[in-house]
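Here is the structure we will look at, set down as structure tokens.
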Amino acid sequence: MTATVRNQSVVGRLRTELATLPDALQRVATQILEDPDGAARASIADLADRAGTSTATVTRFCRVLGFSGYAELRVALAAEGGRAEQARWETDIDREIEPGDPLDRVLGIVASADSRAIQETASRLDLDRIDRVAGAVAEAGRVELVGLGSSGTAARELAFRLERIRVPCWFRPDAHTALTNAALLRPGDVAIGLSHSGRTREVVEVLAEAREQGALTVAVTSFDRSPMAQAADVVLTTAVHETTFRLAALSALHSQLLVLDLIYVAVAQRTYERTTEAFEVTARAVQAHRFADEPNRNRRNRPQEDQ
């Protein structure tokens, strides 16, 4: 079992990838999702019987998830069950929001869903991959970012941050512009695509073109076997927790921002002197557009001994 698999939430991953699994493996996944604790205690024959399949299929299911066999899967489920018990407050909140629900309940549901998605995304991340991407971005002659819809919002935010620390970076919201610019990339450049489903045709085409030109291609997606993942050199997976009125693609933004923020900070670490100098220069450039402090009012709010 790799470190990446060891750190992932099995249940969270199954929720996300259930629809992409073959029918026989879906039945195994469904049994686990219905009773993770029971699956952790069941024998391989018991689980196969409940899923209406064979023990060989259960073994194949384990290997698809990255486990060497059923024993490793059971250990992972048992450990995950223990962590879930410690964080019961997260799992007790219903994700369904009714039209008449008060805002305090809505706040609890939304905050819990976003917190769980961020935690599961953090547990999925392969930090060696993040390190590879950050190193490439820090040295790149050109970084291209592409994403549509809410994924474009996340891509635009990373572009803003990288530009601020003098990384030559462009965000392309228009598919044709993104595709033509991908064709101009060269070895040493980086293309980062974002799509929750990994099936946004325009984003897949951009990564495929960038890869053909020799650029490092990065996919940020919830589905690591999606067409976009297949077009990428590096895949960074996100987790989502849907709530009423916020379907998966709309719920992915916070998880995507976590991944991109980690890349940004890792780039800034590698370019510390350049980044620090850029912050100072840009802060001076906008200083005249900020209201001046009001020392007298600020002093009134300070403890007596500071006045």
Side-chain angles (χ1 to χ4, degrees), residues 2-9 12-13 15-17 66 113-138 140 143-165 167 169-173 178 190-200 203-204 206-207 210 215-242 246 248-271:
T2 65
T4 303
V5 171
R6 189 182 304 114
N7 291 331
Q8 289 182 352
S9 163
R13 183 178 173 190
R15 284 198 195 102
T16 300
E17 300 187 15
D114 287 344
S115 296
R116 292 169 65 188
I118 288 172
Q119 289 168 1
E120 288 186 16
T121 297
S123 71
R124 289 183 181 195
L125 283 177
D126 184 327
L127 296 183
D128 289 338
R129 296 180 184 181
I130 294 287
D131 189 68
R132 179 185 177 189
V133 173
V137 170
V143 177
E144 290 282 343
L145 289 157
V146 58
L148 303 180
S150 60
S151 293
T153 301
R156 183 183 291 107
E157 177 64 21
L158 179 60
F160 168 74
R161 296 186 185 198
L162 292 178
E163 288 170 356
R164 182 76 183 270
I165 60 174
V167 173
C169 179
W170 289 264
F171 164 64
R172 308 295 181 178
V190 179
I192 302 176
L194 291 91
S195 168
H196 159 67
S197 68
R199 296 181 176 277
T200 304
V203 180
V204 175
V206 169
L207 287 192
L216 177 71
T217 54
V218 183
V220 181
T221 178
S222 298
F223 298 89
D224 60 6
R225 291 189 296 275
S226 62
M228 188 172 81
Q230 298 302 314
D233 300 304
V234 181
V235 180
L236 303 173
T237 54
T238 55
V240 298
H241 277 266
E242 293 181 332
R246 299 196 315 162
L250 298 177
S251 301
L253 179 60
H254 293 289
S255 299
Q256 291 172 339
L257 287 173
L258 172 67
V259 174
L260 299 184
D261 201 25
L262 186 57
I263 293 172
Y264 161 73
V265 172
V267 172
Q269 286 179 303
R270 286 164 173 74
T271 59

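Residue indices begin at 1 and follow the sequence shown.
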Quiz item: Just by modelled atom types, is the D224 backbone N or O under 3.5 Å from a matching donor or acceptor in the T237 side chain?
Solution: no
Practice problem: For D128, check side-chain hydrogen bond (donor to acceptor under 3.5 Å, both in side chains) against everything at least two apart and list the hits. | Solution: none
Quiz item: Would a distance-only check, ignoring hydrogens and angles, find a side-chain to backbone donor-acceptor pair under 3.5 Å from R129 to V235?
Solution: yes
Exercise. Say whether, by atom type as modelled, one donor and one acceptor occur between the side chain of S226 and the main chain of R199 under 3.5 angstrom.
Key: no
Self-check item: Heavy-atom side-chain contact between V146 and I192 under 4.5 Å
Solution: no
Quiz prompt | Check against side chain to side chain contact (heavy atoms under 4.5 Å, CB included), V240 and H196 | solution = CA-CA 9 Å; V240 298; H196 159 67; 3.8 Å; yes
Practice problem: Would you please test V218 and D233 for side chain to side chain contact (heavy atoms under 4.5 Å, CB included) and show each step? | Solution: CA-CA 6 Å; V218 183; D233 300 304; over 6 Å; no
Practice problem: For residues L207 and M228, determine if any side-chain heavy atom of one lies less than 4.5 Å from a side-chain heavy atom of the other. | Solution: yes
Quiz item: Considering only heavy atoms from C-beta outward, does the side chain of L148 approach that of L194 to under 4.5 Å?
Solution: no
Quiz prompt | Smallest separation among heavy atoms of S222 and R124, with atom names | solution = O-NH1, 3.8 Å
Practice problem: Output the distance between atom CG (L162) and atom CH2 (W170), rounded to the nearest 0.5 Å. | Solution: 11.5 Å
Exercise. Write down the atom of G147, the atom of V203, and the distance for their closest heavy-atom approach.
Key: CA-CG2, 4.3 Å
Exercise. Take E17 and R225, measure what salt bridge (Lys or Arg N to Asp or Glu O under 4.0 Å) needs, and give me the verdict at the end.
Key: CA-CA 9 Å; E17 300 187 15; R225 291 189 296 275; 3.0 Å; yes
Quiz prompt | Heavy-atom side-chain contact between T238 and V220 under 4.5 Å | solution = yes
Exercise. With side chain to side chain contact (heavy atoms under 4.5 Å, CB included) as the test, would you mind laying out the steps for L158 and D261 before giving the verdict?
Key: CA-CA 7 Å; L158 179 60; D261 201 25; over 6 Å; no
Quiz item: Does the side chain of L145 reach to within under 4.5 Å of the side chain of R172, using non-hydrogen atoms?
Solution: no
Practice problem: Mind listing the closest non-hydrogen atom pair of A134 and V267 along with its distance? | Solution: O-CG2, 3.6 Å
Self-check item: Side-chain heavy atoms of V234 within contact of T217, under 4.5 Å
Solution: no
Quiz item: Would you say V190 and E144 make side-chain contact, with heavy atoms under 4.5 Å?
Solution: no
Self-check item: Ring-face cation contact, Y264 with R161, 6.0 Å cut, 45° max
Solution: yes
Quiz item: At their closest point, which heavy atom of S151 faces which heavy atom of Q256, and how far apart are they?
Solution: OG-NE2, 3.1 Å
Practice problem: Without swapping roles, check the side chain of S255 against the backbone of T121 for a donor-acceptor pair under 3.5 Å. | Solution: no
Exercise. Please report the shortest heavy-atom distance between S197 and F223, naming the atom on each side.
Key: O-CD1, 3.5 Å
Quiz item: Side-chain contact, heavy-atom cut-off 4.5 Å: L127 with D131?
Solution: no
Exercise. State, to 0.1 Å, how close A155 and L260 come at their nearest heavy-atom pair, and which atoms those are.
Key: N-CD1, 4.2 Å
